[in-house]
Engineer: 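Quick one: the structure is below, and I'll ask about it shortly.
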Number of protein chains: 2
Amino acid sequence: MSLPHAILTALLEKPSSGLELTRRFDRSIGYFWSATHQQIYRELGRLESEGYIRALPAERPARGQKKSYEVLPAGREELARWTSAPQEPRPWRDALFVRLRAAAVVGTTGIEADLRRHLTLHERQLAEYEEIEKRDFGPGRDSAQDRLQHLILRAGIDLETFWTQWLRNALTEFEALPDAAAPYGSGPPDDGVPDAGGGAAAGRS
Amino acid sequence: MSLPHAILTALLEKPSSGLELTRRFDRSIGYFWSATHQQIYRELGRLESEGYIRALPAERPARGQKKSYEVLPAGREELARWTSAPQEPRPWRDALFVRLRAAAVVGTTGIEADLRRHLTLHERQLAEYEEIEKRDFGPGRDSAQDRLQHLILRAGIDLETFWTQWLRNALTEFEALPDAAAPYGSGPPDDGVPDAGGGAAAGRS
DNA sequence: GGGATCATGTAACTTGTTACATGATTGC
DNA sequence: GCAATCATGTAACAAGTTACATGATCCC
């Protein structure tokens, strides 16, 4: 249930049309909650029908015509309610770890190159965040808003730092691997990792 | 498309029934790709109809009767193919950052307590991972499988370390905040964070 | 007037979530 | 025999993805 609230936040920061929101998501909120324009239009429709936002005057035929929205008091209240309510952290999901676990059974062919590619992507993202930090959060910018937003940016920087370090470490491990290209346990299908008492990653499987 | 491949991996490690898979996911693979039993049964049905897995003999009426599956050669090939194919890293999504960004507009009431709660949860998870590391990855366990699975566990440990550190830092920031309970920019709805040229978190919004 | 681009949408599908239904087995 | 639990499922919905459709505007 985060997308509608991300949209309410963006609209409170500045009333916008669907496409403007899409672009702002690409540059900013999307760094931690991405959304396509189709999702955004759908959600704008719902928020409007629920009375949380309304289209600004100039209500022309619609299709092809720019349509800006602003947040209504009920929308602001809903956002405040949602923001202050406790929420469970969602378990993190990452396909890369599924792949590594699979590689431990069917072999690591091809993964190393992709890890290297991911490393480059994360290095690039980290550099982008650090650029933003230098540009937007110099000395003097320490209002409450600035601090909160800087906190979010720091999370992005720290996460990308984690990724670059972990990937470098993983690549080092791969180089030390006995025979990285061969499938492990390629005999009968049940001689892979022992299910109980053994060294299953992240717990016994 | 990770769930079917996570299931194939688990079944290669050890043929299992739906409920056994669910339990193994809870303890192990679910740490980086969670799944409910409904998802798993649906996916098992698909994998079977696609010829990637098959039910082990004893094909009794089904409902209420335990039904174990094993991976067929086609399933192993599909898993190897998927594992070695390049994939884009999915953008991380976390509602907590949406909430913080919203809090910068509608006020931080209630968030601090929830941050503290999250910190406790992440500390607990970190301790659990470290326990597993101590138990399952002592000296001597350095086969190719062990190394790969240890790598995954290290990612879990590093991520939880990130969270605990970031949350502690965030809580410190909150204590220093001028008036944490009051909404910011509570005048006209469009006087929040300036959209251009200002200090929007993670980029200009 | 015609192509590029801006802008708003529809439709179909896949994945994930929530709630519930039903049969089998075990222990008392 | 009956409650608890093991085990497999169905149904309905919500969220996210992918592909496409259509109107408006601008510039040549």
Side-chain angles (χ1 to χ4, degrees), chain A residues 1-8 10-11 15-26 29-30 32-50 53-56 58-69 82 87-95 98, chain B residues 1-8 10-11 15-26 29-30 32-50 53-56 58-69 82 87-95 98:
Chain A
M1 286 289 290
S2 294
L3 181 56
H5 301 96
I7 290 175
L8 286 174
L11 287 181
S16 307
S17 67
L19 201 59
E20 281 164 1
L21 276 178
T22 304
R23 296 224 182 87
R24 292 173 58 197
F25 265 69
D26 285 347
I29 292 183
F32 49 89
W33 204 276
S34 61
T36 62
H37 81 273
Q38 292 89 339
Q39 272 181 285
I40 286 173
Y41 282 118
R42 179 162 62 184
E43 216 54 63
L44 282 172
R46 285 184 200 160
L47 288 168
E48 188 175 24
S49 78
E50 282 166 341
I53 62 175
R54 69 161 183 196
L56 288 175
E59 300 211 41
R60 283 157 301 177
R63 191 138 205 168
Q65 289 293 65
K66 192 165 134 176
K67 201 161 107 190
S68 283
Y69 293 91
W82 177 82
Q87 285 176 34
E88 296 314 305
R90 287 206 312 178
W92 51 287
R93 277 188 169 179
D94 204 295
V98 179
Chain B
M1 288 289 293
S2 294
L3 181 56
H5 300 97
I7 290 175
L8 285 174
L11 287 181
S16 306
S17 68
L19 200 61
E20 280 164 1
L21 276 178
T22 304
R23 297 225 182 86
R24 291 172 59 197
F25 264 69
D26 286 346
I29 293 183
F32 49 89
W33 204 277
S34 61
T36 61
H37 81 272
Q38 292 90 339
Q39 272 180 285
I40 287 174
Y41 282 119
R42 179 162 65 183
E43 216 54 63
L44 282 172
R46 284 183 200 161
L47 288 168
E48 187 174 25
S49 79
E50 282 165 342
I53 63 175
R54 70 162 183 195
L56 288 174
E59 301 211 40
R60 282 158 300 176
R63 191 137 203 168
Q65 289 294 63
K66 194 164 133 176
K67 200 161 108 190
S68 282
Y69 293 91
W82 178 83
Q87 285 176 33
E88 295 315 305
R90 286 205 315 180
W92 50 288
R93 278 189 167 177
D94 204 296
V98 179

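Because the structure is predicted, anything quoted here is derived from the model rather than measured. Convention: sequence-line order gives letters A, B, ...; per-chain numbering from 1. The figures that follow rest on heavy atoms only: side chains count, while hydrogens, waters and symmetry mates do not.
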Engineer: Is any side-chain N or O of A:Gln38 closer than 4.0 Å to OP1 or OP2 of D:dG16?
Structural biologist: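 For D:dG16, OP1/OP2 do not have a side-chain N/O of A:Gln38 under 4.0 Å.
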
Engineer: Between B:Arg23 and A:Leu3, which has a closest nucleotide on DNA chain D that is more 5'?
Structural biologist: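 In this pair, the answer is B:Arg23.
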
Engineer: Under the rule for side-chain contact (heavy atoms from CB on, under 4.5 Å), what residues qualify as partners of B:Gln38, not counting sequence neighbours?
Structural biologist: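 Expected list: B:Thr36.
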
Engineer: Polar pairs (N or O, both sides) under 3.5 Å between protein and nucleotides 3-5 of chain D?
Structural biologist:
none

Engineer: Would you please confirm or rule out a distance under 4.0 Å between OP1 or OP2 of D:dT25 and any side-chain N or O of A:Lys66?
Structural biologist: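 No, no such contact exists.
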
Engineer: If the plane angle is over 60° it's perpendicular, under 30° parallel, otherwise tilted; pick one for A:Trp92 and B:Phe32.
Structural biologist: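 Because their plane-to-plane angle lies in the 30° to 60° range, the rings of A:Trp92 and B:Phe32 count as tilted.
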
Engineer: Test of understanding: with ring-ring contact (aromatic ring centres under 6.0 Å, His included), list the residues that count as partners of A:Trp33, not counting sequence neighbours.
Structural biologist: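 Per chain and number, A:Trp33 pairs via ring-ring contact (aromatic ring centres under 6.0 Å, His included) with no residue.
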
Engineer: For B:Arg90, enumerate each residue passing the side chain to side chain donor-acceptor pair (under 3.5 Å) test, keeping only those at least two apart in sequence or located in another chain.
Structural biologist: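 Per chain and number, B:Arg90 pairs via side chain to side chain donor-acceptor pair (under 3.5 Å) with no residue.
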
Engineer: Looking at D:dA14, I'd like to know if its phosphate oxygens (OP1 or OP2) sit under 4.0 Å from a side-chain N or O belonging to A:Arg46.
Structural biologist: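 So the side-chain polar atoms of A:Arg46 never come under 4.0 Å of the phosphate oxygens OP1 or OP2 of D:dA14.
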
Engineer: Taking only side-chain N and O atoms of A:Arg90, does any of them lie within less than 4.0 angstrom of OP1 or OP2 on C:dG16?
Structural biologist: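 No, A:Arg90 has no side-chain N/O under 4.0 Å of OP1/OP2 on C:dG16.
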
Engineer: B:Asp26 has an atom CG; how far is it from atom P of D:dC6, in whole Å?
Structural biologist: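 Roughly 13 Å, once rounded to whole Å.
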
Engineer: Check the distance between C:dG16's C1' and A:Met1's CE and give it to me in whole angstrom.
Structural biologist: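 My rounded result for the distance is 15 Å.
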
Engineer: Please confirm whether any donor atom in the side chain of B:Arg42 sits under 3.5 Å from an acceptor in the base of C:dG16, or the reverse.
Structural biologist: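 Such a pair exists between side chain and base.
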
Engineer: Can you name the residues that form a salt bridge (Lys or Arg N to Asp or Glu O under 4.0 Å) with A:Arg42, not counting sequence neighbours?
Structural biologist: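 Once residues adjacent in sequence are excluded, A:Arg42 has no partner under the salt bridge (Lys or Arg N to Asp or Glu O under 4.0 Å) criterion.
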
Engineer: Looking at residues at least two apart in the chain, or sitting in another chain, which of them share a side chain to side chain donor-acceptor pair (under 3.5 Å) with A:Arg54?
Structural biologist: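 For A:Arg54, the residues satisfying side chain to side chain donor-acceptor pair (under 3.5 Å) (neighbours in sequence not counted) are A:Glu70.
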
Engineer: Rounded to whole angstroms, how far apart are CD on A:Glu20 and C1' on C:dC6?
Structural biologist: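 These atoms are roughly 11 Å apart.
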
Engineer: Do A:Leu21 and A:Tyr41 have side-chain heavy atoms sitting under 4.5 Å apart?
Structural biologist: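 A side-chain contact under 4.5 Å is absent here.
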
Engineer: Would you tell me if any nitrogen or oxygen in the side chain of B:Tyr41 comes within less than 4.0 Å of OP1 or OP2 on D:dG9?
Structural biologist: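 Indeed not, no polar side-chain atom of B:Tyr41 lies that close.
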
Engineer: How many whole angstroms separate atom CD of A:Gln39 from atom P of D:dG16?
Structural biologist: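 Going from CD in A:Gln39 over to P in D:dG16 covers 5 Å.
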
Engineer: When you measure from the side-chain N and O atoms of A:Thr36 to the phosphate of D:dT18, is any distance below 4.0 Å, counting only OP1 and OP2?
Structural biologist: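 Negative; the distance criterion is not met.
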
